[in-house]
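All values reported here derive from a predicted model rather than from experimental measurement. Throughout, a chain's letter reflects where its sequence line sits, starting with A, and its residues are numbered from 1.
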Amino acid sequence: MRMSRLFSQTLRDVPGEAELPSHQLLLKAGLVRPLSAGSYSYLPLARRALTKIEDIIRDEIDAIGGQEITMPVVHPASLWQETGRWYQVGPEMARFKDRAERDMVLGMTHEEVIADLVRQEVRSYRQLPCLLYQIQTKYRDEPRARGGLIRVREFTMKDSYSLDADWEGLDAQYRAHFQAYFNIFQRCHLPVIAVRSDVGMMGGQMAHEYMYLNAIGEDTLVLCDGCGYAANRQVAAARLPAAEAEGALPSEPVATPDTPTIEALAELLQVPTARTAKAVFFMATIAGGEGEVDRERFVFAVVRGDSELNETKLTNAIGARDLRPAREEEIRAVGAEPGYASPVGLRGDGVLVVVDELIPQSPNLVAGANQPGYHLRHTNYGRDYTADHVADLVLARDGDPCAQCGGTLRTSRGVEVGNIFKLGTRYTEALEAVFLDSAGNSKPVIMGSYGIGSGRLLSCVIEEHHDEGGIRFPISVAPYHVSCVALLQRAPEVAEAAERLYQEAWSQGVEMLLDDRDATPGVKFNDADLIGLPLRLTLGARSLRQGGAELKARDSEESRIVPLDEVVSTLRAEVDRLLAESRGRVSTVPYAD
RNA sequence: CGGGGCGUAGCGUAGCCUGGUAGCGCGUCGGCUUUGGGAGCCGAAGGCCCCCGGUUCAAAUCCGGGCGCCCCGACCA
């Protein structure tokens, strides 16, 4: 490509809306342009980089047996009604009616369509295992797009789906993806870790997320340097403190004016916050099935005063679709007093009481008396109240002891660039996607699903690889291999040499972006740095006097003069060396579940 | 959905408080000069000041409503 013909222009000033370096650089270097919040056009440079990323993904998924397909973006709602997700998924799924007034959805993921394909095509265990994938547009009506390409509404995702006859097969395909994903990110020069994660709306048995550790990340991760434990904070568990050895004392009311917070209460009574119980109230949406409406139920959650509630854990513990904080009048309606509440003596009908697993082990806690200004000393689980569920409900925090090894947990932020799910039979049972096993029994196919967002991956690569001057593309992702800065001034022989090298480079598979614009050297050098191709070839009157062209790497200050008749072979060798180095980054990562 | 910020030429912005001819830098176009790290001079084009309504002799400016974008939170693959 000649830059005089390149559709996109670089910007001198970055549009004010961009804050993250990757977002600024994507705009400044002319890779993307916004259409509306969370949707972008990908201009030629971005398109080429994305194609490189997608080809790496194809290479690695093909290598574990993947077969590429393409599924529709628009799905009939009936399919999603069959699996129940029509009712479970909220407004992030875009819905509309077609001309015949049929409900339709824009595909945000494709488990339903895959399961539908399976029920049409798969008859026998002999057709399994199987791995299908596509690289395709997804639409999710995000409540809040942010960070350029970090979170968008419309994006491209590689989604693969494994199909197996047995659980061992699922395990094998899951592990194959576990490593293939590391290979993909390593080949894109993006450092990631795999963490355990919530299954969310996907359902299923287990999931990992691939996280690029960076402060710009939206997720909080809990990590243990001692044993390598790594989990999304949504599911991370810390070690339970040892049970208190203390007999139950008789409970008694105590006047505690103006103590609506745990801190104020502990201060007034001179007890540690660990000797108090904290109440948190929600209205949970329990999904109705086909033909049923969703129900709302009051949830009374209790954790110890020294811990924080983890809403994901609570949601999972009660199987809710959604939680929202309860309003004051809703809290009063069940007989609780905001700021002074406990499950003791609630008007119980319809209230779902859920307590953290630490509560039954913690005797004689101070808890609310359900009257303004009063608490109860020495409340005890089992004697004074019981719960519908006892479960781990607390947020793991920086400095907590590790559940596995007792080491110290730390937290870090990360961007989720990929995920893998063991789905099991959740979709195939609902859609009756079954096969006959060798004994002639009909069984549901066992599924896994695996996703990587290529645009988010691109923005993370830029976030990781940039400096003040611009992007520093790794060779494997770079839109072109080399920028040729042709300083054309008053030297027709420069233009001729540049044109000759350009033709020869492409004929040898060296992808050259030739800056043939009528611009000053400063502009061209700055744009070359900004776009950030791994190699830069400078051709000017000066370099010709010195015997050729000047070759420099984007991430180095050193340059050398290469004779003109050796330039393309030198570039070819340099590109091959960089590509080989890039592939050599792949290394095996021990599987940990 | 809650909180905050912002919408003025392609981009970055001043003006708004205190109403009265819409300004600057970059970019763009033409000319001359210049040419190894965002050149100089001369000339030019380019504005429903986000939209609708109100107040006023007069609104970019004040008031009301709406829309859009960004950030934090909630939420989320």
Checklist entry - Would you say the base of G12(B) and the side-chain of R12(A) have a donor-acceptor pair closer than 3.5 Å? => result no
Checklist entry - Considering all heavy atoms of both residues, which atom of F421(A) and which atom of D198(A) are nearest to each other, and what is their separation? => result CE2-O, 4.0 Å
Checklist entry - Looking for any heavy atom pair under 4.0 Å, which part of the strands does G418(A) touch: base, sugar-phosphate only, or nothing? => result nothing
Checklist entry - Atom CD1 of I216(A) to atom C1' of C71(B): distance rounded to whole Å? => result 14 Å
Next on the checklist: Regarding E209(A), tell me which of base, sugar-phosphate or nothing describes its non-hydrogen contacts under 4.0 Å with the strands shown.
Outcome noted: sugar-phosphate
Checklist entry - E17(A) near the nucleic acid: base, sugar-phosphate alone, or nothing, with a heavy-atom cut-off under 4.0 Å? => result sugar-phosphate
Checklist entry - Base, sugar-phosphate, or nothing for K28(A), non-hydrogen atoms under 4.0 angstrom? => result base
Next on the checklist: Under 6.0 Å from the ring centre and within 45 degrees of the ring axis: does the NZ or CZ of R95(A) meet both conditions for the six-membered ring of W86(A)?
Outcome noted: yes
Checklist entry - Just checking R144(A): base, sugar-phosphate only, or nothing, at a heavy-atom cut-off of under 4.0 Å? => result base
Checklist outcome for this item: d(L395(A) CG, Q234(A) CD) to nearest 0.5 Å is 10.0 Å
Checklist entry - How is Y450(A) classified with respect to the nucleic acid when contacts are heavy atoms under 4.0 Å: base, sugar-phosphate, or nothing? => result nothing
Next on the checklist: Taking any heavy-atom pair under 4.0 Å as a contact, classify P143(A): base, sugar-phosphate, or nothing.
Outcome noted: base
Item to check | Mate of C41(B) where both pairing distances stay under 3.5 Å, Watson-Crick or G-U | outcome: G31(B)
Checklist entry - What is the distance from CZ of R153(A) to C1' of C70(B), rounded to the nearest Å? => result 13 Å
Item to check | Whole-Å distance separating the CD atom of Q24(A) from the P atom of C70(B) | outcome: 14 Å
Next on the checklist: Is the ring pair F178(A)/Y591(A) parallel, tilted or perpendicular, if the boundaries are 30 and 60 degrees?
Outcome noted: perpendicular
Checklist entry - Could you give the CD-to-C1' distance, from Q88(A) to C75(B), as a whole number of Å? => result 16 Å
Checklist entry - Just checking G148(A): base, sugar-phosphate only, or nothing, at a heavy-atom cut-off of under 4.0 Å? => result nothing
Next on the checklist: Any base atoms under 4.0 Å from D527(A), or only sugar-phosphate, or nothing? Heavy atoms, all strands.
Outcome noted: base
Checklist entry - For R456(A), which contact category applies under a 4.0 Å heavy-atom criterion: base, sugar-phosphate, or nothing? => result base
Item to check | Separation of C76(B) C1' from N316(A) CG (nearest whole Å) | outcome: 14 Å
Checklist entry - Across the strands shown, which category fits E311(A) at heavy-atom distances under 4.0 angstrom: base, sugar-phosphate, nothing? => result sugar-phosphate
Checklist entry - Using purine N1 to pyrimidine N3 plus N6-O4 or O6-N4 for Watson-Crick, or N1-O2 and O6-N3 for G-U wobble, both under 3.5 Å, which nucleotide pairs with G20(B)? => result C57(B)
Item to check | Whole-Å C1' distance, C69(B) and A22(B) | outcome: 23 Å
Next on the checklist: What I want to find out is whether R187(A) reaches E60(A) closely enough, with some N-O distance under 4.0 Å, to be called a salt bridge.
Outcome noted: yes
Next on the checklist: Please classify the nucleic acid contact of S36(A) as base, sugar-phosphate, or nothing, using heavy-atom distances under 4.0 Å.
Outcome noted: sugar-phosphate
